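Fair warning: this is a prediction, and the values are worked out from it, not measured in the lab.
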Amino acid sequence: MRLLLDDTLATLPYMLPLVEGWIAPGDLRPERRTALRAADLEPGDAALLPLPEAALLPELFGIVPGIAAIADGVGAYALRTPVRPDEIEGATVRLLDVSPVGVVLARATVGPYFGIAPIVWTPEADPAAQAVVVEGLAALRPVEGGFSEDLARAWFILTGLPVV
């Protein structure tokens, strides 16, 4: 059986021991995938895939809700702004190499938590962008100027739940 694993910073602790052969996966054949999508699955596969993709799974696949990678505390998703986020009213928000989880998290927190009313969401470079969402190692690096806000923390404050 193929076990497809979304290759992200959040899934690395679960994925690395399997794909590097540190533990014997039995009859599982683990495969790392960048930007894993529900459409990548075939009958008989298992996968640890981004939560937004689960809604796109055909009915022939089941979801095991007890298995998930969560960000309980600091997350690898950040909102970067040149000024304090509460000083920005309407803005173009750039989604810089952000996964489906990062997109959903940004859309769920940028307005309600930070008070920014996004005018445009774009993955493209835009000189008008006053807010940039980054993910992974880029989100964990300190900024040289401006502000960096943890979107997983914002989600937790809003909901009391970790990011899945």
For residues [X] and [Y]: do they belong to one hydrophobic cluster (side chain heavy atoms under 4.5 Å, members Ile, Leu, Val, Met, Phe, Trp, Tyr)?
X	Y	value
Ile63	Leu36	yes
Trp22	Leu28	yes
Val143	Leu137	no

Nearest 0.5 angstrom please: [X] [atom1] to [Y] [atom2], how far?
X	Y	atom1	atom2	answer
Asp7	Leu16	CG	CG	9.0 Å
Asp86	Phe147	CG	CZ	8.5 Å
Leu49	Asp40	CG	CG	9.0 Å
Asp6	Thr34	CG	OG1	8.0 Å
Leu3	Arg32	CG	CZ	13.0 Å

With distance as the sole criterion, is a donor-acceptor pair present between the side chains of Ser99 and Glu135 under 3.5 Å?
yes
Validation row: [X], [Y] side chains within 4.5 angstrom (heavy atoms):
X	Y	answer
Asp150	Val74	yes
Asp97	Val134	no
Arg37	Pro100	yes

Atom of [X], atom of [Y] and distance for their closest heavy-atom approach:
X	Y	value
Leu140	Gly75	CD2-O, 3.6 Å
Ile119	Gly90	CD1-C, 3.7 Å
Leu57	Ala38	CD2-CB, 3.8 Å
Gly44	Met1	O-CG, 3.1 Å
Phe61	Asp45	CE2-O, 4.1 Å

Would you find more than 12 non-hydrogen atoms of other residues, nucleotides or ligands less than 6.0 Å from Glu20 atom CD?
yes
Should the heavy atoms of other residues, nucleotides or ligands under 6.0 Å from CZ of Arg153 be counted, would the total exceed 12?
no
Arg33 with Glu31: basic N within carboxylate O range, under 4.0 Å:
yes
Closer than 4.0 angstrom, basic N to acidic O: yes or no for Asp126 and Arg94?
no
Give a yes or no answer on whether the side chain of Arg80 reaches the backbone of Ala139 with a donor-acceptor pair at less than 3.5 Å.
yes
Nonpolar side-chain network containing Val110, other nodes, edges under 4.5 Å
Tyr77, Leu79, Val83, Ile88, Val93, Leu95, Val98, Val101, Val103, Leu105, Tyr113, Phe114, Ile116, Trp121, Val133, Leu151, Trp155, Ile157, Leu158, Leu161, Val163
